[in-house]
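Here's the structure, in structure tokens; my notes come after.
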Amino acid sequence: MEEELEGVPKLDRQERAVPVDVHGRPLVPQRVPEMAPTPLQSSFIYLSIVVLICGVIAIGALELGTPMSSLWVRIPTLVGGVVLLAVSIDALVRVWRSVGAWWDVDRGRALFRVLWVVVIAASIVAIVVIMFVVLRA
């Protein structure tokens, strides 16, 4: 039998199904290892720089009054848009794979990644629409 001491907190000695930290929050891993990296993962930063430069050129030309039908707008939009589509599809695949990896570990984190999949897919649609509008001008 356990003795109770005055002024000392009572200990909870029941077994927990999930390990918890000092504050009683469940311990879950911070990361789940990626088993199959996507093809563009190592080039993501460099491709993003290409997209940035193309965006600066196209937006700068539009701000200076160049019409959308000009090659100063069309070429950077086409080049930057294609690269951005490639990077976005690569990111979509990567995030979608992480949904499966997190599903059994922490369902809340997996559902958060599902939200990101939806956002990236909507971004891809927006990129295609913008490219279409600029190239049809």
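Just so you know, these numbers use all the heavy atoms, side chains as well, and skip hydrogens, waters and symmetry mates. Source: prediction; values computed, not measured. Along the sequence shown, residues carry numbers from 1.
- Hydrophobic clustering, with ILVMFWY side chains joined whenever heavy atoms are under 4.5 angstrom apart, groups L40 together with F44.
- Under the 4.5 Å side-chain heavy-atom criterion for ILVMFWY residues, no single connected hydrophobic cluster contains both L52 and V87.
- When side chains are defined from C-beta on, D90 counts as touching P39, because their heavy atoms get closer than 4.5 Å.
- Scanning both residues, W72 and I57, for their nearest heavy atoms gives O-CG2, 3.9 Å.
- The line from CZ of R113 to CZ of R94 is 11.0 Å long, rounded to the nearest 0.5 Å.
- Taking OG of S123 as the start and CD1 of I130 as the end, the distance is 9.5 Å to the nearest 0.5 Å.
- Across S98 and V95, no two heavy atoms sit closer than the pair OG-O, 2.7 Å.
- Distance CD1/I89 to OG1/T38: 12.0 Å, rounded to 0.5 Å.
- Rounding to the nearest 0.5 Å gives a distance of 5.5 Å between CD1 of I120 and CG of L92.
- The closest side-chain heavy-atom distance from V82 to M131 is below 4.5 Å.
- Considering only heavy atoms from C-beta on, W103 comes within 4.5 Å of L111 through its side chain.
- A distance of 9.0 Å separates CG in L47 from OG in S42, rounded to the nearest 0.5 Å.
- The cluster map of Ile, Leu, Val, Met, Phe, Trp and Tyr, joined by side-chain heavy atoms under 4.5 Å apart, puts L135 and V73 in different clusters.
- No single ILVMFWY cluster, assembled from side-chain heavy atoms under 4.5 Å apart, contains both V99 and V118.
- Across A58 and T77, no two heavy atoms sit closer than the pair CB-OG1, 3.9 Å.
- Under a 3.5 Å cut-off, the side chain of S70 and the backbone N or O of T66 do not form any donor-acceptor pair.
- Closest non-hydrogen pair, I127 versus G81, comes out as CG2-O, 4.1 Å.
- Linking ILVMFWY residues whenever their side-chain heavy atoms come closer than 4.5 Å, directly or via other members, leaves I124 and F132 in distinct clusters.
- Put simply, the side chain of S88 never gets that close to the backbone of L85: no donor and acceptor are under 3.5 Å apart.
- Between S48 and I45, every side-chain heavy-atom pair lies at or beyond the 4.5 Å cut-off.
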